[in-house]
Asks: 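The following block contains the structure, expressed as structure tokens.
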Amino acid sequence: MFFLNPNSGVPLYVQLQQQLQQRILAGQLADGERLSSVRDFSAEMGLNPLTVAKVYQLLERDGFVETRRGMGTFVSHQSPALKIEARRRQIAPALDQLVTEAMHLGLSEREIQALLTEKFRQFKPKTNKGPVS
């Protein structure tokens with residue numbers, strides 16, 4: 001499911017593009033997987049088909065998908081190095097904002113690293129080992 005917020009100030013096509021990129025990078029959309037047609041996806045999302053077509057074009061430009069004439073749009077096969085670089089590009093704006101805000105608040109690099117470590121621990125899935133005897 002995709003979550004688009006028309007009140008966020010971020011254009012809907014950008015939100016959709018980012019969410020599709022994230023799913024591709026996370027492997028939720030596998031290499032070679034066929035995406036819904038522009039018509040079907042726009043109907044499902046309640047968007048103008050031109051918006052979805054624009055998203056697909058941008059994803060193709062950036063190497064995330066490839067369009068095969070008469071067959072549809074598919075997740076492209078990317079090398080692991082390209083996927084790592086794309087993940088870093090995806091997270092870069094959030095990191096820039098984090099560092100800027102930390103500097104404005106007078107937090108050190110060490111303090112930010114400690115906060116990040118703590119957050120990773122909070123979000124890490126907990127394994128259920130059952131009762132200890």
Asks: Taking the side chain as every heavy atom from C-beta outward, state whether Leu95 and Arg88 have any atom pair closer than 4.5 Å.
Replies: no
Asks: Are Val52 and Val10 connected into the same hydrophobic cluster when the rule is that any two of I, L, V, M, F, W, Y join if their side-chain heavy atoms are below 4.5 Å apart?
Replies: yes
Asks: For the residue pair Asp40 / Ser37, report whether a side-chain donor-acceptor contact shorter than 3.5 Å exists.
Replies: yes
Asks: CD/Glu44 to OG/Ser36 distance, rounded to the nearest 0.5 angstrom?
Replies: 5.5 Å
Asks: Side chains of Ile112 and Val99, heavy atoms from C-beta outward: is any pair under 4.5 Å?
Replies: no
Asks: State plainly whether one hydrophobic cluster holds both Leu50 and Val38, where clusters connect Ile, Leu, Val, Met, Phe, Trp and Tyr through side-chain heavy atoms under 4.5 angstrom apart.
Replies: no
Asks: In this structure, are over 12 heavy atoms from other groups packed under 6.0 Å from Arg34 atom CZ?
Replies: yes
Asks: Ignoring hydrogens, what is the shortest heavy-atom contact between Gln15 and Ser8? Give both atom names and the distance.
Replies: NE2-OG, 3.0 Å
Asks: For Thr73 and Leu35, indicate whether the former's side chain and the latter's backbone hold a donor-acceptor pair under 3.5 Å.
Replies: no
Asks: Can you see whether Gln57 engages Lys54 through a side-chain donor-acceptor pair at a distance of less than 3.5 angstrom?
Replies: no
Asks: Could you give me the CA-CA distance, side-chain angles and deciding distance for Thr51 and Leu16, then say whether side chain to side chain contact (heavy atoms under 4.5 Å, CB included) is met?
Replies: CA-CA 9 Å; Thr51 300; Leu16 185 57; 5.5 Å; no
Asks: Same hydrophobic cluster for Leu116 and Leu105, using side-chain heavy-atom links shorter than 4.5 Å among ILVMFWY?
Replies: yes
Asks: Which pair of non-hydrogen atoms, one from Gly32 and one from His77, has the smallest distance, and what is that distance?
Replies: N-CE1, 3.7 Å
Asks: Starting at CD of Gln17, measure out to CD of Gln22 and round the result to the nearest 0.5 Å.
Replies: 10.5 Å
Asks: Take a 6.0 Å sphere around CD of Gln122 and say whether it holds more than 12 heavy atoms from other residues, nucleotides or ligands.
Replies: yes
Asks: Which label fits Phe41 and Tyr56: parallel for a plane angle under 30°, tilted from 30 to 60°, or perpendicular past 60°?
Replies: parallel
Asks: Over all heavy atoms of both residues, which pair between Phe3 and Gln19 is shortest? Give the atoms and the distance, please.
Replies: O-NE2, 2.6 Å
Asks: Is the backbone N or O of Phe64 less than 3.5 Å from a side-chain atom of Asp62, with the two atoms forming a donor-acceptor pair by type?
Replies: no
Asks: Only one of Ile24, Leu59, Leu20 forms a side chain to side chain contact (heavy atoms under 4.5 Å, CB included) with Val75, so which one is it?
Replies: Ile24
Asks: How long is the span from the CG atom in Leu58 to the CD atom in Glu60, to the nearest 0.5 Å?
Replies: 10.5 Å
Asks: Evaluate Leu47 against Leu4 for side chain to side chain contact (heavy atoms under 4.5 Å, CB included), listing each step before the verdict.
Replies: CA-CA 10 Å; Leu47 295 171; Leu4 302 179; 3.8 Å; yes
Asks: Kindly give the heavy-atom pair with the smallest separation between Glu33 and Gln28, and that separation in Å.
Replies: OE1-O, 4.1 Å
Asks: Go through the steps to decide whether Phe2 and Arg23 satisfy the test side chain to side chain contact (heavy atoms under 4.5 Å, CB included), and finish with yes or no.
Replies: CA-CA 10 Å; Phe2 293 90; Arg23 289 184 182 190; 3.3 Å; yes
Asks: Using side-chain heavy atoms (C-beta onward) and a distance below 4.5 Å, is Arg39 in contact with Pro49?
Replies: no
Asks: As an exercise, state the distance from CE of Met1 to CE of Met45, rounded to the nearest 0.5 Å.
Replies: 8.5 Å
